Amino acid sequence: GAVVSQHPSRVICKSGTSVKIECRSLDFQATTMFWYRQFPKQSLMLMATSNEGSKATYEQGVEKDKFLINHASLTLSTLTVTSAHPEDSSFYICSARDRDRYYTFGSGTRLTVV
Amino acid sequence: TQLLEQSPQFLSIQEGENLTVYCNSSSVFSSLQWYRQEPGEGPVLLVTVVTGGEVKKLKRLTFQFGDARKDSSLHITAAQPGDTGLYLCAGADGTASKLTFGTGTRLQVTL
């Protein structure tokens, strides 16, 4: 089956630094990738949608200058949390959608900002 | 904004009991998916329902899509500790451009 690899699985960074999270579709081409944020014991909240070669579409309330998304190829999207603060600590999950509109999720990245 | 409300939010039952989780919305979805998520992991797809009134079975799990494609239910028969997790419904809009996730139901099954 389709596999999406998300890396790193856990990251701890100092306040004010930037962190990059990678999302790769290993055995299929992802026309669209999605980035979600999940707080403890809550559901997934969509942050942004990215299509290969074009600018990401951000959901209302999500700062595009803080959460930089790059979708340079059909198999790779990256999310960079810039100037991270403790309130950015969360579980970030990516999802890739193939041409048949089937969604596959990564295993998530636990970000802790200290 | 499309909202998907799940009920109950939390359910703690003993092994062998049956349960139903509901997913309701005022919006119509082209399809609805159910996922199960374990702590520290991404959600894993259980089923996709597309047709209004559709019923799908996956071993002890039965999924139903409402006739109007606005709601869905998940019924688990004879729950087992391995069923413990966060259950999420997610609706796809007409163009299936993105998924909207429900509020989630946390299930705990004890021996």
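What you see is a predicted model, and the numbers here were worked out from it, not measured in a lab.
- Scanning residues 37-49 of chain A against chain B with a 4.5 Å non-hydrogen threshold yields A:Gln38, A:Lys41, A:Gln42, A:Ser43, A:Leu44, A:Leu46, sorted by number.
- A:Phe34 and A:Val62 fall into different hydrophobic clusters, where Ile, Leu, Val, Met, Phe, Trp and Tyr side chains are chained together by heavy-atom contacts under 4.5 Å.
- How far OG of A:Ser9 is from CD of B:Glu41: 9.0 Å, rounded to the nearest 0.5 Å.
- Contact residues of residues 20-30 of chain A toward chain B are absent (heavy-atom distance under 4.5 Å).
- Only the side chain of B:Gln37 comes within contact range of chain A, with heavy atoms under 4.5 Å apart.
- Between chain A and the residues B:Gly104, B:Gly42, B:Ala90, the most heavy-atom pairs under 4.5 angstrom are made by B:Gly42.
- Neither the backbone nor the side chain of B:Gln6 comes within contact range of chain A; no heavy atom of the residue lies under 4.5 Å from a heavy atom of that chain.
- Enclosure of atom OH in A:Tyr102 is not indicated, since only 12 or fewer non-hydrogen atoms of other residues, nucleotides or ligands lie within 6.0 angstrom.
- Note on B:Leu74 and B:Tyr22: separate hydrophobic clusters, where clusters join Ile, Leu, Val, Met, Phe, Trp and Tyr whose side-chain heavy atoms are under 4.5 Å apart, directly or indirectly.
- Atom CZ of A:Arg97 is separated from atom NZ of B:Lys98 by 11.5 Å, given to the nearest 0.5 angstrom.
- Taken together through direct or relayed side-chain contacts under 4.5 Å among Ile, Leu, Val, Met, Phe, Trp and Tyr, B:Phe65 and B:Leu58 form part of one hydrophobic cluster.
- A continuous path of hydrophobic side-chain contacts links B:Leu11 to B:Trp34 [ILVMFWY only; heavy atoms under 4.5 Å].
- Heavy atoms closer than 4.5 Å to chain A are found in the side chain of B:Tyr35, but not in its backbone.
- Heavy atoms of other residues, nucleotides or ligands lying less than 6.0 angstrom from CZ of B:Arg60 number more than 12.
- Identified by a heavy-atom distance below 4.5 Å to chain B, the contributing residues of residues 104-114 of chain A are A:Phe105, A:Gly106, A:Ser107, in residue-number order.
- Criterion: ILVMFWY side-chain heavy atoms under 4.5 Å apart, direct or through other members. Under it, B:Tyr87 and B:Val47 are part of a common hydrophobic cluster.
- The shortest distance between side-chain heavy atoms of B:Thr48 and A:Tyr103 does not fall below 4.5 Å.
- Listed by sequence position, A:Phe91, A:Ile93 are the residues of residues 75-93 of chain A in contact with chain B, using a 4.5 angstrom heavy-atom cutoff.
- Taking a 6.0 Å sphere around CD of B:Glu15, one finds it holds more than 12 heavy atoms contributed by other residues, nucleotides or ligands.
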